[in-house]
Amino acid sequence: MDNKGWSLKAGSLLLLLLLVSDLLLCQSVASLPICPSGAVNCQVSLRDLFDRAVILSHYIHNLSSEMFNEFDKRYAQGRGFITKAINSCHTSSLSTPEDKEQAQQIHHEDLLNLILRVLRSWNDPLYHLVTEVRGMQEAPDAILSRAIEIEEQNRRLLEGMEKIVGQVHPGIRENEVYSVWSGLPSLQMADEDTRLFAFYNLLHCLRRDSHKIDNYLKLLKCRIVYDSNC
Amino acid sequence: MINDMCDSACAPEGPTGMDLWQLLLTLAVAGSGSAFSGSEDSSEKPKFTKCRSPELETFSCHWTDGVRHGLKNAGSVQLFYIRRSTQEWTQEWKECPDYVSAGENSCYFNSSYTSIWIPYCIKLTSNGGTVDQKCFSVEEIVQPDPPIGLNWTLLNISLTGIHADIQVRWEPPPNADVQKGWIVLKYELQYKEVNESQWKMMDPVLSTSVPVYSLRLDKEYEVRVRSRQRNSEKYGEFSEVLYVTLPQMSPFACEEDFQFPWFLIIIFGIFGLTMILFLFIFSKQQRIKMLILPPVPVPKIKGIDPDLLKEGKLEEVNTILAIHDNYKPEFYNDDSWVEFIELDIDDLDEKTEGSDTDRLLSNDHEKSLNILGAKDDDSGRTSCYEPDILETDFNASDVCDGTSEVAQPQRLKGEVDLLCLDQKNQNNSPSTDTTPTTQQPSIILAKENKPRPLLISGTESTQQAAHTQLSNPSSLANIDFYAQVSDITPAGSVVLSPGQKNKAGISPCDMPPEVASLCQANFIMDNAYFCEADAKKCITVAPHVEAESRVEPSFNQEDIYITTESLTTTAGQSGTTERAVSSEMPVPDYTSIHIIQSPRGLVLNATALPLPDKEFLSSCGYVSTDQLNKIMP
């Protein structure tokens, strides 16, 4: 009797130990999504958030490239805009990494913040872009539809980025810094040349910035989600 | 040539003017120099041919030497670049960091010198003079290297053994960091047969493998791939050509050609359709027969089942005919609110006897009784009481009476002996079953929107008794349908009397038969007209009857409810109703009847007076006002 009782107890203890060890082991697996303890909103996994963000940024860059090409074909031929297009964009003041090494070396929180800043800086210009393109003479539908789409997707990307920041770097909420865009008067100029050049410049800057964000996000995704083992 | 691509933007503010002047001077000198030389080629200046970044991390620029054969510039060509960072151009033009790595006449910028999304300007100088300038951004000059590692695999061979599909795979250029997503490449595959000259192009794809369909097995193919950056249009160089040699086709593949078995399908389809058609014809035999050989319409009377004629049930046919007689048979047929009540009458022998008039007359009081005491069942009695069809009501009364009889022969028990018709009732009960109005169940009379008269079972039974009593055909008198005016009251009302025929054999046990016979005899004699005396006699006999009968047509005419009062009075006078009814058959349609309390007779409206007047005059010749007054109360 005694032996049986002891053996039973031992068996149950062993079972308990096994269960506990299993739980602990499961927790230590490295492929768990990065969800810092104490995070409030950890519903969607970081991987999914990044996947969505990358898809959006990819899409936005495609749209802005097409929009720029369309505009170039229609309005900018023979006007020599290219030479003047090396003007600054309003987001040039934000010190974003200029190449791959710099992007890889920067801390990902800073990079995320930079991305957020760039995205915020484009809220206003995109809005005005849509209204001004509508008012253009024979507003081409290709450009207008893409402008509208970009504006919406940019907003969604911003929300997604804020969620990602909330997961990767919760608690720290920086001031909403962004670059102010002051190009609206030139978009509304009466002189057609000036106005068209303002559009050209804006679209050029948009294409550039969307490319930046797309590349940064992809790097970040590889770094954060896949631990640099893409 | 002055490349004015960045005349104002590229160069910093200070030296701009100087540079321009320098350029102009150089040009002038060169021009003059070439003019002097005479046979020189023009524009042998070094100039940029292309600047290219293969992976968005480095870039290189190439230029032509611009050196004529045999003449080499002593002065070396130099490249200077400047790039703008944070809104400001750096002051100094910097010289190319690497003239070697990219080959002859090139400048290579490695990753440390490369900044993406930053505008660059480069200039080429020769002997101190700028010969060419160019401004660009690195992301705009991306031209990837060709893919490597092309190979193919066989996907499948078609059933015919003539065609095959293959899958071609390759690797991205090694220096492009597609894994981390720094650069996104699109690939374009081209293939052709070995002896062809034109390459077939496929759509650009983002993946590193594509299937190629429909290659012929007996041919050899060449495949090559090139890549470009996702959103730019400049392709890189082509990869090495891949030779595709497909296996020989199987020997037996060509012999049998699989043809779609149209023949079989047609045969089976026709067969199936034929089967369906036969089934259809078989199931719809009758209808098709009707369509093809429509039956010749036999003479038919509406409502009469030809089977009746076949079976020899002439009584039923007669009854039907009676119902649908000249008296607006359409009423029953066309009125939607007229239904027919079903009657079950087994023995129809008695129906053959007597005319319609007899039956109607005999059933008159029944009808009145029935009107007053109709049972509350749906046997259609209510249809009898349609005010519009006074005449047809008589017809209907047949039916009604029939139903009443049929439906409730059992109810004759315990009736109030108001009419002392019990014995007759017993006698006639079997015969009542054969009252004329019973038809085959096919005929149904009913009116839905008629209010039902209130009923009292007692009176109802008596009515039935009376009905049964009177339905004895032998007791029926032959009386015309038309009412004759027997008298005219001084007030202008007309007294109606029954027709010529007597109701012979009517045996109300309470009423004075002699009076009746007297009346009737007189009537028979005075066929043409009635004098007021005769009428009076008849009228006096049936005081209440008249009233009651007066009441009755009004019942017929209006939708009124019969109170118990009237019922009892009716019952009381039921014995006389027959004569009264006969005496005052309501004139159809053009008379209106007033109810008067005096038992003197029927009072017609003054409006209808002229007609009765004429009748009266014709019948009686002359009536004095005294007589009229006597008649009238």
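Quick note: numbers below take in every heavy atom, side chains included, and nothing from hydrogens, waters or symmetry partners. Every chain is numbered from 1, with letters handed out A, B, ... down the list of sequences.
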*Asks:* If you round to the nearest 0.5 Å, how far is NE2 of A/H61 from CZ of B/R230?
*Replies:* 4.5 Å
*Asks:* If I take atom SG from residue A/C230 and atom CG from residue B/D177, how far apart are they, to the nearest 0.5 angstrom?
*Replies:* 8.5 Å
*Asks:* Is atom CZ of B/F238 surrounded by more than 12 heavy atoms (other residues, nucleotides or ligands) closer than 6.0 Å?
*Replies:* yes
*Asks:* Using a 6.0 Å cut-off, check whether atom NZ of B/K200 has over 12 heavy atoms from anything other than its own residue.
*Replies:* yes
*Asks:* Which region of B/E57, side chain (C-beta onward) or backbone (N, CA, C, O), has a non-hydrogen atom less than 4.5 Å from a non-hydrogen atom of chain A, or is it both or neither?
*Replies:* side chain
*Asks:* Suppose a student defines contact as a heavy atom less than 4.5 Å from any heavy atom of chain A. Which residues in residues 106-116 of chain B would they list?
*Replies:* B/S111, B/T114, B/S115, B/I116
*Asks:* Rounded at 0.5 Å granularity, tell me how far CH2 in B/W117 sits from NE2 in A/H211.
*Replies:* 6.0 Å
*Asks:* Tell me, yes or no, whether the heavy-atom count around A/Y178 atom OH, taken from other residues, nucleotides or ligands under 6.0 Å, exceeds 12.
*Replies:* no
*Asks:* Where does A/N69 contact chain B at under 4.5 Å (heavy atoms): side chain, backbone, both or neither?
*Replies:* side chain
*Asks:* Provide the closest heavy-atom pair for B/W182 versus A/A103 in the form atom of the first, atom of the second, distance.
*Replies:* CZ3-CB, 4.4 Å
*Asks:* Inspect the surroundings of OH in A/Y226 and state if more than 12 heavy atoms from other residues, nucleotides or ligands are less than 6.0 Å away.
*Replies:* yes
*Asks:* Which bit of B/E55 comes within less than 4.5 Å of chain A, counting heavy atoms only: side chain, backbone, both or neither?
*Replies:* neither
*Asks:* Taking heavy atoms only and a threshold strictly under 4.5 Å, list by residue number the residues of residues 214-223 of chain A that touch chain B; give 'none' if the list is empty.
*Replies:* A/D214, A/N215, A/Y216, A/K218, A/L219, A/C222
*Asks:* Please indicate whether A/E109 has more than 12 foreign heavy atoms, meaning atoms of other residues, nucleotides or ligands, lying under 6.0 Å from its CD.
*Replies:* yes
*Asks:* Less than 4.0 Å between a side-chain N and a carboxylate O, is that true for A/R208 and B/E140?
*Replies:* no
*Asks:* Check each atom of B/V138 against the heavy atoms of chain A and say whether the ones under 4.5 Å are side chain, backbone, both or neither.
*Replies:* neither
*Asks:* Could you have a look at A/E66, A/Q102, A/R207, A/H58 and say which one has the most heavy-atom pairs with chain B under 4.5 angstrom?
*Replies:* A/H58
*Asks:* Please classify the contact between A/E101 and chain B as side chain, backbone, both or neither, with a heavy-atom cut-off of under 4.5 Å.
*Replies:* side chain
